[in-house]
Q: 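Dropping a structure here in structure tokens format, bear with me for questions.
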Amino acid sequence: MTTASQLPSLRLDATREEALERATAIVAEAWRSFDRARPDQPGIGERLQALLRAELPEQGSSALGALQDAAQMLDVSLAQPRPRFFAFVGSSGLEIGVLGDLLASCFDVNLAVWAGAASEVEDQAIRWVSEFIEFPAAAGAFTSGGTISNVTALAAARERGQPGSRRTGMGPAHGALYCSAEAHYSVVRAAELLGLGSDWVRGLPQDDRRRLVPEDVARAIDGDRAAGIAPVAVVATAGTTLTGAVDPIESLADVCAARDVWLHVDGAYGLAAATTPSAGHRFRGVERADSVTLDAHKWLFLPKACGVVLVRRREDLHGALAHEEDYIPHERPEHHMVDITLEYSRPFRALKLWLAFRAPGAAAIRAAIERNLAQARLLYEEVGRHDDLEALCGEPELSVVPFRHVPDGVGDVDEHNAQLVRALQEDGGVWIAPARVDGKVCLRPCVVNYRTTDEDIRALVDLTRELGDRIARGD
């Protein structure tokens with residue numbers, strides 16, 4: 001009989017208590033550093049560069065030392081929880097969510113099949129997020145993010161629109177998707193992966209508020225049907241990545257209902273704001289959609305990854321994805337999660353959202369989103385106060401505020417702003433990303449961090465003008 005002492009050892013070379021103490025100290029210091037902005041983004045020093053060039057370690061070394069090296073690597077990485085990280089649509093690493101990830105990883109529950117209480121927690125968390133955004137979900141699942149959520153929902157749409165297509169393919173008729181020209185690229189990716197083909201994604205023009213035009217969608221569907229093309233789904237974007245525009249969901253629901261076409265709402269970024277007093281009206285009609293997606297690791301402030309896909313009818317996901325395999329027998333009357341998701345090995349992502357709703361609570365989360373909306377309006381107002389700044393869209397619908405620096409005497413404004421973004425990143429006082437809006441190079445800050453203050457918003461404007469002026473003068 002093999003004894004424990006004869007087995008290969010993967011145990012720590014320190015006590016568990018010592019390792020936890022070191023990890024706790026690292027996390028506590030990180031949380032303290034996230035409480036306020038730091039003056040710059042430090043670079044990777046020589047010691048860490050040497051460590052990154054090291055060969056595969058054949059023999060182990062100190063666990064405590066390795067943890068400390070990891071802490072230093074993380075400290076010089078781009079951490080989205082920092083209050084002046086305005087690039088992309090970031091997450092903020094909500095503290096209770098970080099602890100949820102720790103616990104979920106420790107127990108390593110697999111949500112592919114029924115997993116006892118963990119499965120019940122996931123079902124409850126799905127119900128809670130549905131209530132939070134006021135969408136009548138009959139089923140849903142946690143995913144790695146908006147791309148997988150959109151693929152999942154559109155797989156259900158394809159199967160409902162073309163029954164049997166998951167097995168036989170789309171057949172002689174092409175299937176089409178309808179969305180705005182600024183819909184997330186994951187819609188195109190979904191079309192490619194589902195066999196529809198990216199050429200059959202109808203990226204339609206937008207109105208003066210950068211929203212999908214329902215009349216154009218109706219004409220496109222009717223024209224395609226007349227040509228023998230099968231409409232699969234209309235994708236309404238609830239918060240475009242580029243500008244934060246929200247498509248007119250209620251009117252699009254009317255179009256889809258009249259034509260029996262699936263309506264999917266991609267709310268990965270913006271749908272969390274449907275619960276707020278100031279922006280809730282923009283999402284009117286979401287309860288009529290067939291499916292919606294939301295990334296809790298965006299505007300519910302949780303650490304990645306925590307996407308959610310919700311559907312009105314459980315059978316739609318089941319019909320698109322369920323199967324029977326000898327190695328996963330259905331021992332219980334309930335469905336397995338693999339029957340309604342793309343993944344088999346599914347981590348317990350629901351736990352951190354369950355904890356977030358229990359610890360700070362829905363009202364506090366809602367208030368934090370509302371605060372970010374107010375900060376976006378503040379940024380828009382601050383930009384408008386200065387002649388050398390130009391907002392590229394009107395007052396923000398959500399929390400993306402594209403703008404650029406336009407000082408007198410600069411010939412190539414696009415190149416000037418491209419240089420400005422690089423200068424801001426090198427300075428590190430704020431972290432910003434570039435974008436193109438209507439062909440114009442600009443700064444594209446997005447405010448989705450509960451740690452961000454009004455002072456941080458003003459600092460972004462001040463530093464932009466300061467560094468922009470230096471570049472314009474050739475300093």
Side-chain angles (χ1 to χ4, degrees), residues 89 128-137 146 178-184 204-218 234-258 263-296 298-301 308 310 312 357 361-381 384 391-402 445-448 450:
V89 187
W128 284 353
V129 74
S130 302
E131 293 171 1
F132 187 72
I133 62 171
E134 300 182 354
F135 177 76
Y178 309 86
C179 59
S180 85
E182 291 181 4
H184 194 267
L204 300 173
Q206 300 159 297
D207 64 15
D208 57 359
R209 292 171 58 187
R210 315 189 78 87
R211 305 178 308 163
L212 191 55
V213 180
E215 294 78 9
D216 289 347
V217 175
V234 172
V235 179
T237 305
T240 60
T241 303
L242 184 63
T243 66
V246 179
D247 288 335
I249 301 171
E250 184 82 79
S251 298
L252 291 170
D254 290 339
V255 170
C256 290
L263 175 61
H264 172 62
V265 175
D266 176 8
Y269 155 42
L271 191 53
T275 187
T276 61
S278 69
H281 64 283
R282 301 189 189 283
F283 303 88
R284 200 169 291 123
V286 69
E287 72 283 354
R288 298 174 58 191
D290 296 280
S291 57
V292 303
T293 57
L294 176 147
D295 279 354
K298 289 187 170 76
W299 222 352
L300 293 183
F301 310 111
V308 183
L310 304 171
R312 291 179 64 87
F357 279 134
I365 294 170
R366 187 180 300 111
I369 298 169
E370 187 68 73
R371 186 160 168 255
N372 287 157
L373 290 165
Q375 288 168 336
R377 293 191 294 271
L378 171 64
L379 176 54
Y380 179 74
E381 291 165 3
L392 295 185
C393 302
E395 184 173 348
E397 293 205 12
L398 296 178
S399 64
V400 178
V401 188
C446 181
V447 189
V448 286
Y450 71 93

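Numbers here are sequence positions counted from 1.
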Q: Starting at CG of Leu392, measure out to OG1 of Thr243 and round the result to the nearest 0.5 Å.
A: 10.5 Å
Q: Backbone N or O of Ala245 within a donor-acceptor pair of the Thr240 side chain at under 3.5 Å?
A: yes
Q: I'd like to check Val286 versus Ile133 (side-chain heavy atoms, cut-off strictly below 4.5 Å). Are they in contact?
A: no
Q: Is there a side-chain contact between Arg211 and Glu397, using heavy atoms and a 4.5 Å cut-off?
A: yes
Q: Are the side chain of Asp247 and the backbone N or O of Ile249 linked by a donor-acceptor pair below 3.5 Å?
A: no
Q: What are the two closest non-hydrogen atoms of His184 and Asp266, and how far apart are they?
A: CB-OD2, 3.7 Å
Q: Verify, without hydrogens or angle tests, whether Asp290 (side chain) and Leu263 (backbone) share a donor-acceptor contact under 3.5 angstrom.
A: yes
Q: Please examine the side chains of Pro402 and Val400, heavy atoms only from C-beta on, and report whether any two atoms are closer than 4.5 Å.
A: yes
Q: Out of curiosity, Ser130 OG to Glu287 CD, how far, rounded to the nearest 0.5 Å?
A: 13.0 Å
Q: Using a cut-off of 6.0 Å, state whether more than 12 heavy atoms not belonging to Glu131 lie near its atom CD.
A: yes
Q: Would you give the length of the straight line joining atom CD1 of Ile369 to atom CZ of Phe301, rounded to the nearest 0.5 angstrom?
A: 5.0 Å
Q: What is the minimum heavy-atom distance between Ala368 and Tyr450, and which atoms define it?
A: CB-CB, 4.2 Å
Q: Will you find, in the side chains of Glu370 and Ser278, an N or O donor that is under 3.5 Å from an N or O acceptor?
A: yes
Q: Is a side-chain N or O of Arg284 found less than 3.5 angstrom from the main chain of Glu250, in a donor-acceptor match?
A: no
Q: A side-chain contact here means heavy atoms from C-beta on lying under 4.5 Å apart; do Phe135 and Leu271 qualify?
A: no
Q: State the SG-OH distance between Cys256 and Tyr178, to the nearest 0.5 angstrom.
A: 10.0 Å
Q: To check you understand the geometry: which heavy-atom pair defines the closest contact between Leu252 and Pro214, and what is its length?
A: CD2-CA, 3.9 Å
Q: Taking atom CZ as the centre, does Arg312 end up with more than 12 heavy-atom neighbours from other residues, nucleotides or ligands that are less than 6.0 angstrom away?
A: yes
Q: For residues Gly239 and Val246, report the shortest heavy-atom separation together with the two atoms involved.
A: N-CG2, 3.9 Å
Q: So which atom in Tyr269 and which in Lys298 form the shortest heavy-atom distance, rounded to 0.1 Å?
A: CA-CD, 3.8 Å
Q: Measure the spacing between OG1 of Thr275 and CD1 of Ile365 and express it to the nearest 0.5 Å.
A: 9.5 Å
Q: Any side-chain heavy atom of Leu300 within less than 4.5 Å of one from Leu294?
A: yes
Q: Could you label the plane-to-plane angle of the Phe357 and Trp128 rings as parallel, tilted or perpendicular, counting under 30° as parallel and over 60° as perpendicular?
A: perpendicular
Q: Would you check, one step at a time, whether the test side chain to side chain contact (heavy atoms under 4.5 Å, CB included) holds for Leu373 with Leu398?
A: CA-CA 6 Å; Leu373 290 165; Leu398 296 178; 4.3 Å; yes
Q: Less than 4.5 Å apart, side chain to side chain, heavy atoms only: is that true for Leu204 and Val213?
A: no
Q: Run the numbers on Leu212 and Thr237 for side chain to side chain contact (heavy atoms under 4.5 Å, CB included), then give the verdict.
A: CA-CA 8 Å; Leu212 191 55; Thr237 305; over 6 Å; no
Q: Give me the atom names and distance for the closest heavy-atom approach of Ala238 to Val265.
A: CB-CG1, 3.8 Å
